[in-house]
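Worksheet: the structure to be examined is printed underneath.
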Amino acid sequence: MIDNFQEYLILIIICLFSLLCYSLFFKKPKDGFELPPSPPTLPIIKHLHLLLSVNFSFRGTTPIDESLLVGSFGFFTAPYGDYWKFMKKVMVTKLLGPQALERSRVKNERVDIGKETMKFAKNIICKMIMGRSCNEENGEAERVSDLVAESTALTMKIFVANMFHKPLKKLGISLFRKEIMSVSCRFDEVLERILEEHENKKDDDQDMDLMDVLLETCRDETTAECRITRNHIKSLFVDLVIAGSDTSRHATQWTMAEIINNPNVVERLREENGAVVGETRLVQEKDLQNLPYLQATVKEGLRLHPPGALFARSSREGCKIRGFYIPVNTPLVVNAYAVMRDPDSWEDPNEFKPERFLGSPRSGQEHEREHALKYIPFGSGRRGCPGSNLDCTIVGIAIGVMVQCFDWKINSDKIDMEEAPRALVLTMARPLMCIPVARTCRLQVPDLEMSLNSQT
Ligand code: HEM
């Protein structure tokens, strides 16, 4: 019974299909109109083949000849002929061909990685302090970047001036005063304008950034916890922008150089990124906690190349250390560079091995104290760097995105890791210049723009 039913069903389907074919291909319309004689049609594609004929390669006239939009100069509206053929050839070979697409990827422009990271870090820090990044159009951004660079170049002189300040003050000598004050005055000019802009903000603007809060404290002489002046606010800005952007710049530059010199690290970073982030969006701040190898890479970069290689403290009162008496006001210089390459504390201390920070760390207070004493890129204790978390985020995202989106071409086999002489902030002897080659990843452009905006 069931078999018979299936046979009937198949028969009915064949009949219906035959009727459909007949009405589509062979039946003439019976609507009473006399249609123009039709050129012969082909089954299924009917007249479609005529679009391939030269005769139908025109688009008709243009509404306004002189208009650049659908006018007679246009390619879209151009009649089929020599002009159209020439433009089509140029377009296909130079604009839309495979090599042209490749060219859009490989700009062959060398990028100064340190400089770009500095912009990225500076924008984040400025937004946090004053609610906006520095203005690119009126030269403000460039002025602040130049002043940060000049300040860093002065670090060694500031260090020396600080060391000899007390004895020389008695003689009326202030080392490097002119150079230091020149930078300070120019910072003051930029910052006075930014403070005025904050003071002129409309009262109904509820969005208070750090500068607004400090200005309010500055005006409030009666109830404020602590008396602060305009100069305090300006100095805090200078401290944070220098401490944050220049260190991040050097940290990223050194770590990228190590990564480029170690292709196995690149591979592992991409593997991890592919599994956690995928290829259709950019790595973001929220992903960092799930990217242990990227975190370990940033840590290892900071261990081998701590931007704050030397940092200074001073004793507030006399004390005894291991039986030696240390008088009050004794300057103390910590050599973080040497501590983090000490062979007694680190296996293969001069090798770049992010894996050393993976795996289950020994837990317990004892281990944490030991680690805090041997891993000190951000110093340690009360006066340790308050920006360490922010910095790991900035450097992590910068490295994550650079490795995710580009291959980095260099002019030689390996990057020269030579250090600049006499720099207090650990600097590469030559800036890291590379050519970014976009990887064929399927990042959506709006996603790319959104991620970059949300991260700067
Ligand atoms: C790679 C990035 C960074 C490195 C290597 C670094 C390193 C250091 C070091 C070594 C110190 C001295 C610590 C000590 O005396 O024990 C320090 C202090 C400081 N850092 Fe950072 N830092 C970085 C990023 C940042 C960021 C992003 C900020 C904030 C925006 C920041 C703000 C500060 C401040 C305000 C101090 C002075 C803290 C105090 O005296 O109490 N740093 N940093």
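Counting starts at 1 for both ligands and their atoms, following the listed order. Please read these numbers as outputs of a predicted model, since none were measured by experiment.
Ligand-side atoms of ligand 1 in range of Pro377: 5 (C), 7 (C), 10 (C), range being under 4.0 angstrom from any heavy atom. Near Arg383, meaning under 4.0 Å from any of its heavy atoms, are these atoms of ligand 1: 13 (C), 14 (C), 15 (O), 16 (O), 38 (C), 39 (C), 40 (O), 41 (O). Close contacts between ligand 1 and Arg313 involve ligand atoms 14 (C), 15 (O), 16 (O) [criterion: under 4.0 Å to a heavy atom]. Which parts of ligand 1 touch Gly379 is read off a 4.0 Å heavy-atom cut-off, strictly below it: atoms 10 (C), 13 (C), 14 (C), 16 (O). Ligand-side atoms of ligand 1 in range of Ser380: 16 (O), range being under 4.0 angstrom from any heavy atom.
The single protein non-hydrogen atom nearest to atom 21 (Fe) of ligand 1 is Cys385 SG, 2.3 Å, given as residue, atom name and distance. In this structure, atom 34 (C) of ligand 1 lies nearest to the protein heavy atom Pro386 CD, 3.4 Å. Considering only non-hydrogen protein atoms, atom 1 (C) of ligand 1 sits nearest to Asp391 OD2, 2.8 Å. In terms of protein heavy-atom proximity, atom 6 (C) of ligand 1 is nearest to Phe378 CD2, 3.6 Å. Looking at atom 28 (C) of ligand 1, its nearest protein heavy atom turns out to be Gly387 CA, 3.6 Å. Residue, atom and distance of the protein heavy atom nearest to atom 23 (C) of ligand 1 are Thr247 OG1, 3.4 Å. Among protein heavy atoms, atom 32 (C) of ligand 1 sits closest to Ala243 CB, 3.6 Å.
In this structure, Gly384 counts as a contact residue of ligand 1, since one of its heavy atoms falls inside 4.0 Å of the ligand.
Salt bridge annotation for Glu300-Arg356: present, with a cationic side-chain nitrogen under 4.0 angstrom from a carboxylate oxygen. Taking 4.0 Å as the cut-off between side-chain N and carboxylate O, Lys119 and Glu116 count as a salt-bridged pair. For Asp407 and Arg270, the salt-bridge test passes: some basic side-chain N is under 4.0 Å from an acidic carboxylate O. For the pair Arg186 and Glu150, the salt-bridge criterion is met [side-chain N within less than 4.0 Å of a carboxylate O]. Salt bridge annotation for Asp342-Lys374: absent, with no cationic side-chain nitrogen under 4.0 angstrom from a carboxylate oxygen.
Note: Ser380 OG to Arg313 CZ = 7.5 Å, rounded to the nearest 0.5 Å.
With Arg249 contributing its side chain and Lys122 its backbone, the two residues share no donor-acceptor pair below 3.5 Å.
Considering all non-hydrogen atoms of both residues, Ala121 and Ser248 come closest at CB-CB, 3.9 Å.
Ring geometry, Phe187 versus Phe237: the interplanar angle exceeds 60°, so the pair is classed perpendicular (tilted spans 30 to 60°).
Residue Phe311 touches ligand 1 through its side chain alone, judged by heavy-atom distances below 4.0 Å. In His250, neither the side chain nor the backbone holds a heavy atom less than 4.0 Å from any atom of ligand 1.
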